[in-house]
Amino acid sequence: MFALVDCNSFFASCEKVFRPDLANQPVAVLSNNDGCVVARSPEAKPLVPMQATLFSIRHLVQRGKLHVFSSNPVLYKDMSRRVIETLQHFSPEVEQYSIDEAFLGLHGFAHRDLTDYGQQIRATVQQWTGIPVSVGIASTKTLAKLAAHVAKRHLGCKGVLNFNALEEVDQVLAAIAVSEVWGIGRHLTAKLQAQGILTVLQLKQADAKRLKKQFGILVMRTVMELRGIACFPMEPVAAPKTMRIVSRSFGHVVTELSEIKEAVATYAARCAEKLRDDGLLAHQFAVAIRTSYYRPDNQYAAVRSVSLEPPTNDTATLIHAAMGLTTAAFKPGYDYLKAKVIATELTPADAVQGELFAAPTNTEKRDRLMTTIDALNRQLHPDAVKFGAMGLNPTWGLRSNYFSQRYTTHWDEIPTVQVWPLSQHCGCN
DNA sequence: TCTGGGGTCCTAGGACCC
DNA sequence: TCTGGGGTCCTAGGACCC
């Protein structure tokens with residue numbers, strides 16, 4: 001048995017935790033660069049579509065009918081950690097699937113009333129973290145995801161649905177579109193629809209062998225999962241990362257190589273930091289730059305990559321490589337909107353394969369420098385110490401006009417509580 | 001006007017091995 | 001004239017997820 005715990009409107013809920021004044025107000029959270037809506041509170045869902053641009057909803061914001069927030073990843077990551085830690089009280093097997101979802105292994109919990117257990121999970125997460133969640137329970141992960149999907153949308157479920165306690169699961173599956181199934185995306189939906197498979201029930205009853213031939217092993221496994229045969233096991237230990245990407249659109253278009261280089265140096269530094277956090281070294285490193293997708297008259301994209309020998313997570317080395325790659329990729333005369341750096345062929349830092357014929361490299365001093373920089377930046381400010389190539393006054397920076405606070409990770413941004421004099425209280429202490 | 005960021009997995013096809 | 005069988009590894013591209 002599996003439970004899927006899914007945080008409702010996660011980013012919007014995180015913002016609301018620290019703004020009790022917005023309790024029943026419509027709240028939307030924007031993507032990086034304040035580009036478009038990526039999360040909506042229940043009150044905001046009727047007002048704004050997902051991915052609506054800020055421009056298209058500005059009138060609501062100005063009239064005070066909608067509260068928007070810029071993306072605050074540090075806050076969301078920390079709130080996610082709190083939710084996961086709470087869930088670990090309910091099962092020894094917790095698999096964090098995404099920033100706002102986790103699977104719980106419920107093997108050996110069969111003697112319990114699992115619907116009731118789901119309610120306990122929900123109430124505890126709400127009380128300990130302030131985040132509302134939906135819980136789906138079923139005999140496979142795919143079914144648990146669908147159960148959570150239904151639990152979130154039907155008030156009668158009170159946030160929890162256990163398919164195993166339900167008589168007519170097929171009736172429920174017949175009412176859900178096939179596109180809602182985990183693993184069935186846009187393209188597969190269109191192809192399945194063309195064959196008359198419109199609902200989850202129809203997919204469950206389809207010819208699994210034929211679908212395997214047509215769409216591959218994943219679709220067949222999904223069909224088996226819908227039939228209650230578990231094909232996707234719990235994976236409580238996160239697999240090591242295979243790639244690290246830092247990718248950002250600029251605040252506005254950039255035409256000069258020097259400006260793009262500053263941005264790419266900044267992304268490379270961030271990427272090196274991530275690798276050090278992971279304890280990984282990159283063997284392969286790439287830079288990609290491109291113009292806006294939405295300007296057909298101004299299209300250019302280029303990727304350049306290089307092998308790093310020996311593999312490294314040293315900021316200076318990555319910036320140096322990135323500068324060469326950026327120069328190679330750059331072509332004058334275009335309006336650039338986005339750059340990214342990609343580190344691949346990652347190996348654990350403590351298990352490096354040495355080179356037989358190369359002179360031995362001693363990176364101990366560099367490692368100590370990086371450790372010190374990381375410590376300073378963590379303690380003081382994300383770029384208290386930075387490399388000159390990253391520039392002093394970035395002109396390409398992100399827009400972020402509706403930023404809240406890093407309430408839970410920075411002492412000077414911690415929420416404050418107004419304390420009223422005791423005499424104004426209603427007599428209790 | 002503006003339209004995000006960061007990842008994983010599978011498949012087909014070619015090259016190559018004994 | 002007809003020319004096996006069984007396998008691995010790599011890459012690019014496509015699909016999916018949140």
Side-chain angles (χ1 to χ4, degrees), chain A residues 4-11 28-39 48-59 61 68-74 76-77 80 83 95-103 141-142 145 148-149 178-192 211-222 231-232 235 238-253 263 267 270-271 274-275 277-278 280 284 286 288 290-296 303 305 335 337-346 398-401:
Chain A
L4 186 270
V5 180
D6 189 352
C7 300
N8 300 341
S9 316
F10 183 55
F11 295 172
V29 176
L30 302 168
S31 66
N32 246 352
N33 233 359
D34 290 349
C36 64
V37 171
V38 295
V48 290
M50 205 63 164
Q51 269 140 45
T53 59
L54 177 57
F55 176 82
S56 70
I57 56 173
R58 189 155 263 156
H59 60 286
V61 179
V68 295
F69 288 94
S70 298
S71 183
N72 189 344
V74 173
Y76 310 149
K77 240 173 253 168
S80 173
V83 171
E95 173 190 343
Q96 177 156 23
Y97 175 67
S98 73
I99 194 163
D100 71 336
E101 277 176 60
F103 288 104
K141 283 180 162 183
T142 304
K145 291 266 283 183
H149 172 86
V178 72
S179 58
E180 301 295 338
V181 176
W182 187 36
I184 305 297
R186 202 160 38 99
H187 291 89
L188 280 170
T189 298
K191 287 175 189 161
L192 290 170
L211 290 180
K212 181 189 173 197
K213 211 167 172 188
Q214 221 181 334
F215 302 119
I217 190 73
L218 279 182
V219 172
M220 181 171 123
R221 286 196 187 131
T222 298
C231 300
F232 304 126
E235 287 165 20
K241 299 262 182 230
T242 66
M243 66 190 326
R244 273 303 200 181
I245 299 179
V246 176
S247 158
R248 300 269 187 284
S249 297
F250 309 133
H252 36 76
V253 294
Y267 302 175
R270 178 78 195 102
C271 185
K274 285 185 177 186
L275 291 172
D277 279 350
D278 297 338
L280 294 172
Q284 196 73 25
R290 65 160 305 116
T291 56
S292 168
Y293 287 107
Y294 304 96
R295 284 192 41 196
V303 187
S305 66
D335 292 341
L337 192 73
K338 185 176 191 168
K340 72 173 150 179
V341 302
I342 307 138
T344 50
E345 291 182 29
L346 308 183
L398 291 172
R399 282 187 300 270
S400 186
N401 293 326

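All values below come from the heavy atoms of this structure, side chains included, with hydrogens, waters and symmetry mates left out. A quick note: this is a predicted structure, and the numbers were derived from the prediction, not measured. Below, chain A is the first sequence line, B the second, and so on; all start at residue 1.
Rounded to whole Å, the distance from CE on A:M50 to P on C:dC18 is 11 Å. Straight-line distance from the NZ atom of A:K213 to the C1' atom of B:dT11: 16 Å, rounded to whole Å. Atom CZ in A:F10 sits about 12 Å away from atom C1' in C:dC18, given to the nearest Å. Distance, A:R58 CZ to B:dC2 P: 9 Å, rounded to whole Å. Atom OH in A:Y267 sits roughly 13 Å away from atom P in B:dG4 (whole-Å rounding). Between A:F215 atom CZ and B:dC10 atom P there is a gap of 17 Å when expressed in whole angstrom units. A:K241 places its NZ atom 16 Å from the P atom of C:dC18, with the value rounded to the nearest Å. When the P atom of B:dC10 is taken as reference, atom NZ of A:K212 falls 12 Å away, rounded to whole Å.
Side-chain atoms of A:E95 come within 3.5 Å of backbone atoms of A:E235 as a donor-acceptor pair (strictly under, hydrogens ignored). Under the 3.5 Å distance criterion, the side-chain polar atoms of A:D278 are left unmatched by any main-chain donor or acceptor of A:K241. Between the side chain of A:S292 and the main chain of A:L337, no donor-acceptor pair closer than 3.5 Å is present.
Here OH of A:Y293 is found 6.0 Å from NZ of A:K338. Values are rounded to the nearest 0.5 Å. To the nearest 0.5 angstrom, A:I184 atom CD1 is 9.5 Å from A:S179 atom OG.
Close to B:dT1, at under 4.0 Å from its OP1 or OP2, lies no side-chain N or O of A:T53. Contact between the side-chain N/O atoms of A:K340 and the OP1/OP2 oxygens of B:dG4 is not found at any separation under 4.0 Å. Put simply, A:R399 has no side-chain N or O that comes within less than 4.0 Å of OP1 or OP2 on B:dC2. The side chain of A:R295 places no N or O atom within less than 4.0 Å of a non-bridging phosphate oxygen (OP1 or OP2) of B:dT3. Residue A:S31 places no side-chain N or O under 4.0 Å from the OP1 or OP2 atom of B:dG5. In this structure, A:K77 does not reach the C:dC18 phosphate: none of its side-chain N or O atoms is under 4.0 Å from OP1 or OP2.
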| query | After noting the C-alpha distance and the side-chain angles of A:R270 and A:K274, does the key distance pass the side chain to side chain contact (heavy atoms under 4.5 Å, CB included) rule? | reply | CA-CA 6 Å; A:R270 178 78 195 102; A:K274 285 185 177 186; 4.0 Å; yes
| request: Carefully, step by step, assess A:V29 and A:Y76 under the rule side chain to side chain contact (heavy atoms under 4.5 Å, CB included). | output: CA-CA 11 Å; A:V29 176; A:Y76 310 149; 3.3 Å; yes
| Stepwise, does the side chain to side chain contact (heavy atoms under 4.5 Å, CB included) test hold for A:R244 with A:V246? | CA-CA 7 Å; A:R244 273 303 200 181; A:V246 176; over 6 Å; no
| For A:L211 and A:L192, what are the C-alpha separation, side-chain angles and deciding distance, and is it a side chain to side chain contact (heavy atoms under 4.5 Å, CB included)? | CA-CA 9 Å; A:L211 290 180; A:L192 290 170; 4.2 Å; yes
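Residue contacts for A:I245: at a heavy-atom cut-off of 4.0 Å it reaches the sugar-phosphate backbone alone, with no base atom in range. As judged by a 4.0 angstrom heavy-atom cut-off over every strand, A:L30 is placed among residues making no nucleic acid contact. Among the atoms of the strands shown, only primed sugar atoms or phosphate atoms (P, OP1, OP2) are found under 4.0 Å from some heavy atom of A:R248. Contact annotation for A:Y97: backbone-only contact, meaning every heavy-atom pair under 4.0 Å involves sugar-phosphate atoms and none involves a base.
Looking at A:S71 and A:N32, their side chains never bring a donor and an acceptor atom within 3.5 Å of each other.
Side-chain proximity of A:T242 to B:dC10, B:dG5, B:dT8: nearest is B:dT8. You'll find that the side chain of A:S249 is closest to B:dG4, out of B:dT1, B:dG4, B:dG6.
Of the residues near DNA chain B, A:N33 and A:R221, the one whose nearest nucleotide (by heavy atom distance) lies more toward the 5' end is A:N33. Nearer the 5' end of DNA chain B, as judged by each residue's closest nucleotide, is the contact made by A:F55, out of A:F11 and A:F55.
Shown for residues 178-188 of chain A: residues whose heavy atoms fall under 4.0 angstrom of DNA chain C, namely A:V181, A:W182, A:G183, A:I184, A:G185, A:R186, A:H187, A:L188.
Stacking between A:Y294 and B:dT3 is shown: the ring centroid lies under 5.5 Å from the centre of the six-membered base ring, and the planes differ by under 30°.
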| task | Under 3.5 Å for both distances, Watson-Crick or G-U wobble, that's the pair rule; now give the dot-bracket for DNA chain C, with | marking pairs to another strand and [ ] for crossing ones. | result | ....||||||||||||||
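For the pair A:K141 and A:F103, the cation-pi criterion (under 6.0 Å, within 45° of the ring axis) is fulfilled.
Rounded to a whole angstrom, the distance from the P atom of B:dT3 to that of C:dC18 is 24 Å.
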